Structure formats: structure tokens, C-alpha cells
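By convention in this document, chain letters (A, B, ...) are assigned in the order of the sequence lines, proteins followed by strands, and residues within each chain are numbered from 1. It should be emphasised that the depicted structure is a prediction, and the values quoted were computed from it without experimental measurement.
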Amino acid sequence: MEEIFPELEKKLREAFPNDIVSAEMMWDFPVFTVKKDKVVDVVKYLYDDPELQFRFLTDLCGVHFPDNHGHELGVVYHLHNMRRNLRVRLRTFFSEKEAVVPTLTTVFSAANWMERETYDFYGIVFKGHPNLKRILNVDDMVGFPLRKEFPLEDPNREDKNDKMFGR
Amino acid sequence: MAETVVNKGTGIQSNPPVNAERVEEKEYSILNLGPSHPATHGVFQNILKMDGEIILDSEPTIGYIHRAFEKIAERRPYNQITPLTDRLNYCSSPINNMGWHMTVEKLIQAEIPKRVEYMRIIIMELSRIADHLVCNSVIGVDSGALTGFIYVFEEREHIYEIFEEICGARLTTNIGRIGGFERDFPDAAWAKIHTFMEKFPKVLKEFEKLLVRNRIFMDRTIGAGAISAERALNYSFTGPNLRAAGVDYDVRVMNPYSGYQDFDFKIPIGTNGDTYDRFMVREDEIWESFSIIKQAIEKLEKMPKGVFHADIPDFYLPPKEEVYNNMEALIYHFKIVMGETEIPKGEVYHAVEGGNGELGFYLISDGGRNPYRLHFRRPCFIYYQAYPEMIRGNMLSDAIVTLSSLNVIAGELDA
């Protein structure tokens, strides 16, 4: 997949001169970091371009880097061109306060539940999503469990006291 | 019902006309399918809006067995995540285990010996057979044919016995290690593999005789829960469900891993994407898997015996007897268990062809002892959202066979 990287980078930089934050190869994946307002436009461009044709959404998930101030939260998209067997990863980062990303359900129906899952675990709001509510966790849950500050276990538990090694 | 009409000018009320046409208000019934229903084969709920026997709409609710594996994985060292992956698609846990091992091996760029790769292929294809056997025989059960189910479960049991000989566990296998296997296949396992290879084709042929050209089965499944290739791609279908719709996408061929490029096999595809096609694609895949195992055994017989793991002491747990008798092994053991090994920083995505489709692992490592972030691309979770669209306008009994032919495994759905 390394062969495609220069072509992809050139095309994306031409089409979106101000919105590609970074471009690099990570193992076997071309990875592009995109500004969050343009991410759906980039996906649409990759979808429609006659040579690129990234028409399969492999995966969509959230990430949380609490130490990157101003870019704490992120969404990662994996796209696949099945005809030429190319894969690409798009990332977008933004701050916790403005965690609103345009929805991808307009392009891929599959994004529906993936975005609900991302909302459920990270609290990232997908603008324009038809049914944005929690999917795996209970509806009245407080907080977003995959954010780093969310404790893995309830710290007040007393039934699992392990004095020797600590918890 | 006709209402009393009031003349606006005069204010006189007139009685409703006696022969007013009675408009019948249509009433839809709401039917709860699940969360614990014998036909769903797992814990998930569907609220169906029915017009008589016809489904107008449905709303799936999932998450009943959500166990937060992605969160737990962020606090566990790499070799302790394997048991978590067992519990994703528990019908074919070895594929999940291998997928995870290969993801870590990709991150640390370990080179795996060919023999280990072929041993892995045997395990993965055996579990694919087990997975497909469950799914296909359950389609039979849900359409009223219990016999085949009981019949092929004997062979599934046989596969589980092979796993038991190799790793000691049956369902949640935790098979293999990062870098290879914990031990070589024992002779008992080889003996069981060989008996399986002898006995299995006959059993599968007989099973196919029961269902493949069975008039009742065909009438029940053809056209039930069909999806077009275009919609299936838009819904990110993968695996047998996508191939049944006519797209020949298979991770084993598209992005070969673990030496699949050395094997000769076909990708069976369907045309209509309905329940019958999904059944047939899985059925043909069982034959392909069988032939892959056969080729792998032949290849392994030509290779020198003894190698069962890669030479990566920093990541592969040394055998216990060496840990107790050898200083170096003890140090490596300690380093691995305490998470002192150097893991590269970076992001990798690795996908394997699971029983239900592309099972992906997206791993972000920050160099620490645990993954910084681990996301499972679970095929079930992604394609199950197409279920309402697939059963709309179908009968209730079609919805049941559609659900079983999609092979929605609750463990993989909820992670």
C-alpha cells in the first residue's frame, strides 16, 4: 500500500489545500489527519474520485488523548477501496469542549451504529445523525466510559479489597 | 367514525349521516422478539411493528452482554488480552485469538516461521468449520429441521476435542501465544485431526443431502431476508453475508495473512443475498476450509518438526521448565509478565477473516505495557444494523431464519 501514498497525498493536498494537517505512512497504512469540519468532505471526495473510489467504510471509532490540549478527542475512519485493494486511515482531532463532528451516515449507512457507539463511549456528537443515542451502555449512564478519566472499576468498592497488591 | 357536523352559519347541529362510510382504523401490533428468546440464539431484543404477520418496522436493542472489553484491554498487558478476544465470537474463538496475536506481531514486526503459520491456518480453518456448522445447522433448526443440527454437532464436538488436545480448553480457547503456540501439537491432537479429516466429508455430504435440495427448506429460505450487493457494501457487510450478495471480498485473499497466499482455494459467492445463498456460501466455505486444512497438513508433513514459535524472546513467554531452571528464561518471563518489554509506539490495523467477516483490531500503542487504545472491528455489530431493512415487508418466520443466517453472535455484537 506504500505505492499509493504519494498519489493519495498529492490528490488530497490539491483538493483540500488547507485542511490536511498531516500525512504519513504508519506500518501498512497511509494515515491522514484532517480538520474536523472537512472530514466528511474528504470522505466524499475519496468516495467519488474515479481513481480512488474508497467506497467501503471498514471502521469508525473514537480515541481520547487527554494530554493533547486542544485536541483531546478524535475520530478515526478506516476506508477501503475494494477494487484496487487500497486502504486509508483518516483521523480528526478536536477539543473536548467542541466535540461535534459532521455525520458520515449521509455516505455510509454502516456509520449509523458506529457513530452511536462512538457517541456512547466518548461523548462525541455527530451532527446530523438520525438517531444519536447510547447503544451498548444503559441510557441513564453518567459519563463516557472510554474516556481516560473514567475509572475501570468503581473505586469505592469494598467487596474486592486486596491489601497485599492493592487495586 | 363520522362526527357531528355543525353548520357555521346557522349553528345548527346536524346528526351524522346514517350511511356514512365507516373508515376502519388500521391497528398495528407490537411484538417483542427477545431479549431472551430461543429463536434469537443470543441476548438481543427486537421490537417489531407488525401488520398481521408482516413486519413493517423493527427496532433492535443491543448491549445486553456488553462487557467493556475495550476498556479492560487498556489496563491489561498484551498477552492477557487474548482471553478477552475469546469472548467476542465464541463460536470461533481461535480465529479471534490468532487475529490478536497477529496484530501484536505486526506491531512488533516479528517474523513468524512458516510452520507456525500453517499450524495456525489449521486451527483457524477448523474453527471456521465449527462456526459455519453451528450457523448452518441452526438455520435448519429455525426452519423446523432439528435432525441435521444434532448430526453435525458431533463433528463440532470433534473439532473442540482437537482444540482441547492442543490448548486444554474447548470453547474459550486462549489458544496460541504472541509469536506462536505454547507447545507443539501433541500426537493425540494429530490423531484426532486425521480422524476428523477422514470422517468429516461423509457427514457433511449427508447433512447437505438433508437440506440443500430440500423443497421445504428452499421454500422457507429463498428470498427471505435478501439484501442487494450495493446495500450490503453500504452497510459494510463482510464475510459470508457479503459474499452471498455477490461480492467476492475475502480478507484471506485480499490481504493475505499467516501464509494464506500459499494455499489454493476458491471464494464461494451467491447472487441474491438471501438466506439460502448465505447458507450455501457457508456450506461451500466449509468445503474450502476442509481443503485448506488438507493442504496445510500436506505442507506440514514436508517440513522439519519441532518449531512451534518465533524466536522473539522479548515477547514469547518461555516454557515453564526453562523458567525454573534457566536464568535467562526467568528474566524474560519476568520482563514479559511485568510489562517491561519495549513495545514500539504506533498504530496498527490488522484484519483477519473471522467466521462472520472481517474481524479487525485497531491498536494504538504508546510504548507502555498495555495498549493505549484497542478497538475491535466486530463484523456482527456492523452488519446487524441492516437487519430492520432486511426483514421489512417479510413474514415473522422469515425474520427468524434471516437472523440465524446472519449468524449474529451476541458476544461479538456487544464486545
*Asks:* Could you look at B:Glu70 and say if it's the side chain, the backbone, both or neither that has a heavy atom under 4.5 Å from chain A?
*Replies:* both
*Asks:* What part of B:Ile382 lies closer than 4.5 angstrom to a heavy atom of chain A: side chain, backbone, both or neither?
*Replies:* side chain
*Asks:* Surrounding CD of B:Gln261 (heavy atoms of other residues, nucleotides or ligands, distance under 6.0 Å), is the total greater than 12?
*Replies:* yes
*Asks:* Can you classify the ring geometry of A:Trp113 versus B:Phe381 as parallel (below 30°), tilted (30 to 60°) or perpendicular (above 60°)?
*Replies:* tilted
*Asks:* Quick one: CZ on B:Arg76 to CG on A:Leu152, what's the gap to the nearest 0.5 Å?
*Replies:* 9.0 Å
*Asks:* What distance do B:Asp414 atom CG and A:Glu117 atom CD have between them, rounded to the nearest 0.5 Å?
*Replies:* 10.0 Å
*Asks:* For chain B, which residues from residues 131-140 of chain A have at least one heavy atom closer than 4.5 Å to it?
*Replies:* A:Lys133, A:Ile135, A:Leu136, A:Asn137
*Asks:* What distance do B:Arg377 atom CZ and A:His78 atom NE2 have between them, rounded to the nearest 0.5 Å?
*Replies:* 10.5 Å
*Asks:* Where does A:His64 contact chain B at under 4.5 Å (heavy atoms): side chain, backbone, both or neither?
*Replies:*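 For A:His64, the contact with chain B is made by the backbone alone.
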*Asks:* In the structure I gave you, are the side-chain heavy atoms of B:Tyr349 and A:Asp28 within less than 4.5 Å of one another anywhere?
*Replies:* no
*Asks:* Distance check, rounded to the nearest 0.5 Å: B:Gln385 atom CD versus A:Arg116 atom CZ?
*Replies:* 9.0 Å
*Asks:* Which of the residues B:Ile364, B:Leu413, B:Val348 is involved in the greatest number of heavy-atom pairs with chain A at under 4.5 angstrom?
*Replies:* B:Val348
*Asks:* State, with a plain yes or no, whether a side-chain heavy atom of A:Leu146 is found less than 4.5 Å away from one of B:Glu74.
*Replies:* yes
*Asks:* For the interface with chain A, which of B:Leu107, B:Val247, B:Asp366 has the highest count of heavy-atom pairs at distances below 4.5 Å?
*Replies:* B:Leu107
*Asks:* Please determine whether ring pair (Phe, Tyr, Trp, His ring centres under 6.0 Å) holds for the pair B:His66 and A:Phe121, giving the CA-CA distance in whole Å, both sets of side-chain angles, and the decisive distance to 0.1 Å.
*Replies:* CA-CA 12 Å; B:His66 173 58; A:Phe121 287 108; 5.3 Å; yes
*Asks:* Taking every heavy-atom pair that is under 4.5 Å apart, which of B:Glu389, B:Arg75, B:Arg231, B:His350 has the most such pairs with chain A?
*Replies:*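 Of the options given, most contacts go to B:Arg75.
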*Asks:* Between B:Tyr372 and chain A, with a heavy-atom cut-off of 4.5 Å, which part of the residue counts as in contact: side chain, backbone, both or neither?
*Replies:* both
*Asks:* With a 4.5 angstrom heavy-atom cut-off, is it the side chain or the backbone of B:Arg67 that approaches chain A, or both, or neither?
*Replies:* neither
*Asks:* For A:Gly62 and B:Arg373, which heavy atoms make the closest approach, and how far apart are they?
*Replies:* O-NE, 2.8 Å
*Asks:* Report the option among A:Asn112, A:Thr58, A:Val107, A:Asp120 that has the most heavy-atom pairs separated by less than 4.5 Å from atoms of chain B.
*Replies:* A:Thr58
*Asks:* Kindly determine whether B:Leu233 and A:Met82 satisfy side-chain contact (heavy atoms from CB on, under 4.5 Å), including the steps that lead there.
*Replies:* CA-CA 10 Å; B:Leu233 281 172; A:Met82 286 194 173; 3.9 Å; yes
*Asks:* So, A:Arg55 and B:Asn234: side-chain donor and acceptor under 3.5 Å apart, yes or no?
*Replies:* no
*Asks:* What part of A:Arg84 gets closer than 4.5 Å to chain B, counting heavy atoms only: side chain, backbone, both or neither?
*Replies:* neither
*Asks:* More than 12 heavy atoms of other residues, nucleotides or ligands under 6.0 Å from CZ of A:Arg83: yes or no?
*Replies:* no
*Asks:* Hey, is A:Arg87 close enough to B:Glu358 for a salt bridge, meaning N to O under 4.0 Å?
*Replies:* yes
*Asks:* Counting only heavy atoms closer than 4.5 Å, note whether A:Phe65 contacts chain B via side chain, backbone, both or neither.
*Replies:* both
*Asks:* Answer yes or no: are there more than 12 heavy-atom neighbours, outside B:Lys266 itself, under 6.0 Å from its atom NZ?
*Replies:*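 No, not enclosed.
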*Asks:* What part of B:Tyr362 lies closer than 4.5 angstrom to a heavy atom of chain A: side chain, backbone, both or neither?
*Replies:* side chain
*Asks:* If I measure from the heavy atoms of chain A, does B:Tyr235 come under 4.5 Å with its side chain, its backbone, both, or neither?
*Replies:*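 For B:Tyr235, backbone and side chain are both near chain A.
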*Asks:* Any side-chain to backbone donor/acceptor pair from B:Glu347 onto A:Met26? Under 3.5 Å, distance only.
*Replies:*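 Checked: no pair found.
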*Asks:* Looking at B:Phe334, I'd like to know if its CZ atom is crowded, meaning that more than 12 non-hydrogen atoms belonging to other residues, nucleotides or ligands lie closer than 6.0 Å.
*Replies:* no
*Asks:* Tell me, yes or no, whether the heavy-atom count around B:Glu111 atom CD, taken from other residues, nucleotides or ligands under 6.0 Å, exceeds 12.
*Replies:* no
*Asks:* If you tally heavy-atom pairs under 4.5 Å against chain A, which of B:Ala68, B:Gly63, B:Ser236 wins?
*Replies:* B:Ser236
*Asks:* Minimum heavy-atom separation for B:Lys71 to A:Pro145, with atom names?
*Replies:*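 Looking at all heavy atoms of both residues, the shortest contact is NZ-O, 3.1 Å.
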*Asks:* Donor-acceptor pair, distance only, cut-off 3.5 Å: does the side chain of B:Lys106 make one with the backbone of A:Trp27?
*Replies:* no
*Asks:* Sort B:Glu230 into side chain, backbone, both or neither according to what part of it lies under 4.5 angstrom from a heavy atom of chain A.
*Replies:* neither
*Asks:* Out of curiosity, A:Ser109 OG to B:Phe237 CZ, how far, rounded to the nearest 0.5 Å?
*Replies:*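 If I round to the nearest 0.5 Å, the distance is 10.0 Å.
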